[in-house]
Amino acid sequence: MAKIKAIRGMNDILPDQTPVWQYLETEVKRVLGSYGYSELRMPIVEQTDLFKRSIGEVTDIVEKEMYTFEDRNGDSLTLRPEGTASCVRACEEHGLIFNQVQRLWYMGPMFRHERPQKGRYRQFHQIGVETFGMQGPDIDAELIMMTARLWRSLGLDKAVKLHLNTLGSAQARARFRDDLVSYLSDHVDKLDADSQRRLTTNPLRILDSKDASTQVLLNEAPHFHDYIDDESREHFDHLCALLDSVGIDYEINARLVRGLDYYGKTVFEWITDQLGAQGTVCAGGRYDGLVEQLGGRATPAVGFAMGVERLVLLLETLQAVPDRVHQNVDVYAIAMDDESLEKMVAITECLRDETGLRIQLHCGGGSFKSQMKKADRSGARYALLMGEDERRSGVVTLKPLRESVEQKQVNGAALAGELVAIYAAEQE
RNA sequence: GUGGAUGUAGCUCAGUUGGCAGAGCUCCGGAUUGUGAUUCCGGCGGUCGUGGGUUCAAGCCCCAUCAUCCACCCCA
């Protein structure tokens with residue numbers, strides 16, 4: 001019988017990886033908390049139309065990457081390919097953004113049917129942050145400062161760079177797009193194959209083409225700079241000034257275009273050169289039109305999303321994960337025989353109550369030697385040993401595994417106090 | 001969706017012009033009646049990705065297929 005394996009592009013996150021994920025999630029929550037953001041949890045399945053209406057009908061995501069299926073009653077449902085649309089839907093549905101300000105975050109799996117490669121999977125995880133009801137660049141700056149703080153706390157700040165751009169108002173962008181398309185359409189023969197296709201799908205992406213002759217052609221093309229509306233210009237300048245004032249470095253990247261239709265004005269990406277082709281580790285921008293587009297009252301909004309797999313990869317590449325993160329046992333307890341084991345079960349239960357330490361009791365038998373081996377490999381700092389000798393004199397042997405200090409026998413009643421003292425000293 | 005590379009033990013990988021399926025690590029036991037991370041000895045462990053074909057004989061050659069990785073496209 002053929003073995004059943006995981007679906008292509010959908011990965012198990014194994015026990016040697018989960019500590020890194022937990023570390024990242026904990027740091028993120030801490031930083032978000034320090035700015036007063038609240039968590040929102042949404043379903044991972046939504047009506048297909050939600051994504052069609054928000055992300056844009058002709059984007060790759062909607063055209064060929066969605067996991068869409070029919071519910072038993074015939075409704076078309078889709079596994080969410082991103083979180084913003086769901087977040088807006090949820091907020092709107094529960095009146096969270098009617099006449100009020102919100103600062104929210106969420107975390108969870110997203111699904112896109114793409115060809116997997118490094119840093120890109122069919123089920124991947126995002127931590128998303130969305131804010132509503134604030135139209136000035138102060139909130140844009142807050143989001144960027146918050147991510148910068150996160151990189152610092154994770155030790156990633158040297159490895160990521162901020163790219164910043166403004167897409168202007170929807171009207172300005174539409175005028176630019178029309179002019180760009182009409183100019184390029186006159187020179188279709190000089191465009192590379194991908195860009196010819198993008199002419200109808202996502203013309204702004206052509207600006208980012210790696211093809212040399214396309215880039216030459218673009219020199220003579222309309223420049224977006226000339227199309228930006230005054231309000232967007234002012235918003236962007238103000239944002240830059242705010243970032244300057246807190247010492248955040250950025251690069252203004254006029255070719256930075258987000259793939260999703262709903263973005264306007266501010267867009268930004270944190271990019272690393274450490275991960276190969278998938279270098280964007282966090283990206284977002286302003287989407288003032290989306291709430292209205294989905295049937296709500298016009299509401300300013302800015303947000304971003306981080307790719308958890310990519311951040312985990314980056315942490316590992318840079319070896320930025322502290323050792324303590326992988327250590328999950330403080331004390332490893334060993335018994336020589338059945339009678340000792342029975343006593344040790346009771347002792348370790350007691351110690352968990354009294355010390356709060358992480359105590360692993362050896363189960364499953366095996367020679368004393370192999371139990372010692374496991375104690376060593378558990379990473380525990382101390383082993384507790386109990387055999388006939390200890391039983392007879394009512395003590396437990398406390399053996400240090402990491403430093404050359406003599407092992408000693410401790411009276412059962414004094415054990416908890418002894419351990420607390422030892423591990424408290426370690427904290428300093 | 002397109003291109004390239006790779007699939008052999010739980011893991012990392014050898015495997016000669018086609019001729020008995022291998023090593024290191026892990027795991028278990030022993031050298032040491034009760035002391036780990038260094039030694040030494042022994043043991044467990046295989047549908048050689050899958051299905052066809054060529055051959056006296058295929059891990060190796062041919063065809064197909066699946067999966068993984070990397071890149072393109074796109075994106076977090």
Side-chain angles (χ1 to χ4, degrees), chain A residues 1-3 5-11 14 16 55 58-65 81-84 107-129 147 160 192-195 197-198 201-202 205 208-211 257-260 268-272 275-285 303-314 332 334-337 340 362 364-391 397-404 406-407:
Chain A
M1 196 178 4
K3 271 188 192 162
K5 300 203 289 184
I7 305 301
R8 175 169 214 192
M10 305 204 181
N11 301 310
L14 302 177
D16 61 334
I55 297 170
V58 295
T59 56
D60 275 18
I61 293 177
V62 169
E63 273 188 333
K64 46 195 190 198
E65 294 176 0
E82 58 115 32
T84 303
M107 165 161 52
M110 308 291 163
F111 302 84
R112 290 182 203 170
H113 193 275
E114 302 178 90
R115 189 86 161 251
Q117 72 183 78
K118 185 172 185 176
R120 196 179 72 184
Y121 311 99
R122 288 184 175 180
Q123 174 177 334
F124 61 103
H125 298 77
Q126 284 187 341
I127 298 170
V129 177
T147 49
V160 294
D192 60 283
D194 278 330
S195 294
R197 184 177 48 74
R198 284 188 281 225
T201 57
N202 197 345
R205 273 272 162 203
D208 214 3
S209 173
K210 287 158 192 158
D211 184 79
V257 173
R258 313 284 358 280
L260 285 56
F268 66 92
E269 287 192 22
W270 287 95
I271 299 176
T272 178
L275 294 183
Q278 311 301 325
T280 301
V281 121
C282 170
F304 66 84
M306 297 179 259
V308 179
E309 280 83 354
R310 290 180 186 178
L311 286 170
V312 167
L313 270 171
L314 189 55
Y332 196 96
I334 290 173
M336 310 287 192
D337 52 73
S340 303
H362 179 88
S367 68
F368 181 68
K369 184 193 178 79
S370 76
Q371 293 194 42
M372 279 302 301
K373 226 176 209 173
K374 285 191 174 127
D376 183 42
R377 297 205 175 149
S378 75
R381 189 157 157 241
Y382 276 84
L384 287 183
L385 316 180
M386 158 98 54
E388 215 184 319
D389 296 350
E390 284 86 352
R391 233 163 48 227
T397 296
L398 182 58
K399 179 182 169 65
L401 297 169
R402 309 290 150 208
E403 55 227 90
S404 48
E406 279 296 296
Q407 69 182 40

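Salt bridge annotation for A:D60-A:K64: present, with a cationic side-chain nitrogen under 4.0 angstrom from a carboxylate oxygen. Between A:E403 and A:R381 there is a salt bridge, since at least one side-chain N of the basic residue sits less than 4.0 Å from a carboxylate O of the acidic one. Remark: A:D337 engages A:R391 in a salt bridge, criterion side-chain N to carboxylate O under 4.0 Å.
Pairing partner, B:U2: B:A71, with both Watson-Crick or wobble hydrogen-bond distances short of 3.5 Å. Summarising the base pairing, B:G34 is matched to no nucleotide, lacking a Watson-Crick or G-U wobble pair whose two defining distances lie under 3.5 Å. Remark: B:C25 base-pairs with B:G10. Criterion, Watson-Crick or G-U wobble with two distances under 3.5 Å.
With both ends at atom C1', the span from B:U32 to B:G36 equals 14 Å, rounded to whole Å. For B:A64 and B:C56, the P atoms lie 24 Å apart once the distance is rounded to whole Å.
In this structure, A:Q371 reaches neither bases nor backbone, as no heavy-atom distance under 4.0 Å exists between it and the strands shown. If you check every strand for non-hydrogen atoms under 4.0 Å, A:Y382 touches nothing.
For A:R205 and B:C75, the shortest distance from a side-chain N or O to OP1 or OP2 is below 4.0 Å. The phosphate of B:U68 has OP1 or OP2 within less than 4.0 Å of a side-chain N or O from A:R8.
Taking only side-chain atoms of A:Q117, from C-beta outward, the nucleotide of B:G34, B:A76, B:A71 with the closest atom is B:A71.
For A:Q123 (side chain) and A:N11 (main-chain N/O), no donor-acceptor pair under 3.5 Å exists by modelled atom type.
Two residues, A:Q278 and A:S367, neighbour RNA chain B, and the one matched to the more 5' nucleotide by heavy-atom proximity is A:S367.
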